[in-house]
Amino acid sequence: PGGTGDGFGLSVALYGELILVGAQGDDVGAASNGAAWLFQRHRGGTNQWGIAARLAPATGDASRLYGQAVAIANDTLVLGAPNDDDAGADGGAAYLLRAGSYEFWAETHSFHTLPAGLELPEADPDFDGEPNLLEFMLGTNPRQSASRSQPTLVFDAGTRRLSIRFDKPAYSLAGLGIEAEGRSTTSGSFSFSNAEVTEDSATVFSAQWRGVPPEGALMRVRATYPRW
């Protein structure tokens, strides 16, 4: 960080083991569109302050000055952009992000460099059949199809139990809703009433078919995320 004219460090906010630094003159996407950098303590080594994310608007807007003012509290980041044009010429805006949220995760994978639309939760920029929101849930790389992963579906012949399970990623899944649903026939509809969650901890999500599954039964995991 800190290229010619970026203004890196003109705005700084510290909270706990996170530092948010604005660079209102960064030219990512357009001249002086602006950006910000989030540093985290112990990232890259004990007592080292490594880069956790580079944050920038999803679209280019010359002289937006994103990051001219920054603030951070708990897991919430606020970034001012006084010349943002989304609501009118130089109308200004403030961007609200949550560390651990889908929006924050998207920035860590530089979604701002993707063509418009490919940053959306339902989009699939690496064309691996898994939308961004599912990759966020599974902890896979949304820009690398080789990282594809799926929840594990298991049928125990002894207990005649059908279950589905996956290990959650190391980062927080803030705001993400995870549900399981089942389909009793190949032509039937999925229903939440067919599945019951058996574990939803910080590290694991698992669910099983409610009762004895019929032949041809199938289960799947569904992720939902509220739009801000």
Item to check | Residue pairs fulfilling ring-ring contact (aromatic ring centres under 6.0 Å, His included) with at least one residue in residues 185-221, sequence neighbours excluded | outcome: Phe166-Phe205
Checklist entry - Any side-chain heavy atom of Phe136 within less than 4.5 Å of one from Pro142? => result no
Item to check | Point-to-point distance, once rounded to the nearest 0.5 Å, from CZ of Phe111 to CG of Leu120 | outcome: 9.5 Å
Checklist outcome for this item: Note: Gly182 and Asn194 closest approach over all heavy atoms is O-ND2, 2.9 Å
Checklist entry - Do Asn33 and Arg64 have side-chain atoms, one donor and one acceptor, less than 3.5 Å apart? => result yes
Checklist entry - Does Leu118 offer a backbone N or O that forms a donor-acceptor pair with the side chain of Asn132 under 3.5 Å? => result yes
Item to check | Asn47 side chain to Arg41 side chain, donor-acceptor N/O pair below 3.5 angstrom | outcome: yes
Checklist outcome for this item: Heavy-atom nearest pair, Asp124 first then Gly129, reads OD2-N, 2.8 Å
Item to check | Shortest non-hydrogen contact between Lys168 and Ser201, atoms and distance | outcome: NZ-O, 2.7 Å
Checklist entry - Looking only at heavy atoms, what is the nearest atom pair of Gly34 and Val28, with distance? => result O-CG1, 3.5 Å
Checklist outcome for this item: Applying salt bridge (Lys or Arg N to Asp or Glu O under 4.0 Å) to Asp90 and not counting sequence neighbours gives none
Checklist entry - Do the side chains of Tyr102 and Leu176 get nearer than 4.5 Å, heavy atoms only? => result no
Next on the checklist: Could you check whether Thr198 and Ser206, counting side-chain N and O atoms only, form a donor-acceptor pair closer than 3.5 Å?
Outcome noted: yes
Checklist entry - Does a side-chain heavy-atom distance below 4.5 Å link Ile178 with Arg222? => result no
Checklist entry - Please, which pairs that meet ring-ring contact (aromatic ring centres under 6.0 Å, His included) have at least one residue in residues 71-97, sequence neighbours excluded? => result Tyr66-Tyr95
Checklist entry - Side chains of Met137 and Val221: closer than 4.5 Å at any heavy-atom pair? => result yes
Checklist outcome for this item: dist Met219:CE -> Arg210:CZ (nearest 0.5 Å) comes out at 9.5 Å
Checklist entry - Would you call Glu135 and Leu138 a side-chain contact if the rule is heavy atoms closer than 4.5 Å? => result no
Next on the checklist: Could you go through Leu38 and Leu18, starting from their C-alpha distance and side-chain angles, then the distance that decides it, and tell me whether this counts as side-chain contact (heavy atoms from CB on, under 4.5 Å)?
Outcome noted: CA-CA 7 Å; Leu38 184 67; Leu18 296 173; 4.3 Å; yes
Checklist entry - Does the side chain of Glu181 pick up a donor-acceptor pair with the side chain of Ser191 at under 3.5 Å? => result no
Checklist entry - Would a distance-only check, ignoring hydrogens and angles, find a side-chain to backbone donor-acceptor pair under 3.5 Å from Arg143 to His109? => result yes
Checklist entry - Is the backbone N or O of Ser32 less than 3.5 Å from a side-chain atom of Asp27, with the two atoms forming a donor-acceptor pair by type? => result yes
Next on the checklist: So, using salt bridge (Lys or Arg N to Asp or Glu O under 4.0 Å) as the criterion, who are the partners of Asp85 when residues are at least two apart?
Outcome noted: none
Item to check | Test item: Gln24 and Leu79 side chains (from C-beta on) under 4.5 Å apart, heavy atoms | outcome: no
Checklist entry - When rounded to the nearest 0.5 angstrom, what is the spacing between CD1 in Ile164 and OG1 in Thr152? => result 8.0 Å
Item to check | Intermediate values then yes/no, side-chain contact (heavy atoms from CB on, under 4.5 Å), Leu10 and Gln68 | outcome: CA-CA 7 Å; Leu10 283 175; Gln68 187 181 81; over 6 Å; no
Checklist outcome for this item: In short, Ala35 meets Arg54 closest at the heavy-atom pair CB-NE, 4.3 Å
Item to check | Nearest-0.5 Å distance that lies between atom CG in Leu162 and atom CG in Asp156 | outcome: 10.5 Å
Next on the checklist: I'd like to check Leu20 versus Leu55 (side-chain heavy atoms, cut-off strictly below 4.5 Å). Are they in contact?
Outcome noted: yes
Checklist entry - Any idea which heavy atoms bring Glu130 and Asp126 closest together, and the distance? => result O-OD1, 4.5 Å
Next on the checklist: When you compare the side chain of Leu218 with that of Leu153, does any pair of heavy atoms fall below 4.5 Å?
Outcome noted: yes
Item to check | Asp61 side-chain N/O to Asp84 backbone N/O, donor-acceptor pair under 3.5 Å | outcome: no
Checklist entry - With a cutoff of under 4.5 Å between side-chain heavy atoms, which Ile, Leu, Val, Met, Phe, Trp and Tyr residues group with Ile51? => result Phe8, Val12, Leu14, Ile19, Val21, Trp37, Phe39, Trp49
Checklist outcome for this item: side chain to side chain donor-acceptor pair (under 3.5 Å) filter on Glu196, not counting sequence neighbours, yields Gln208
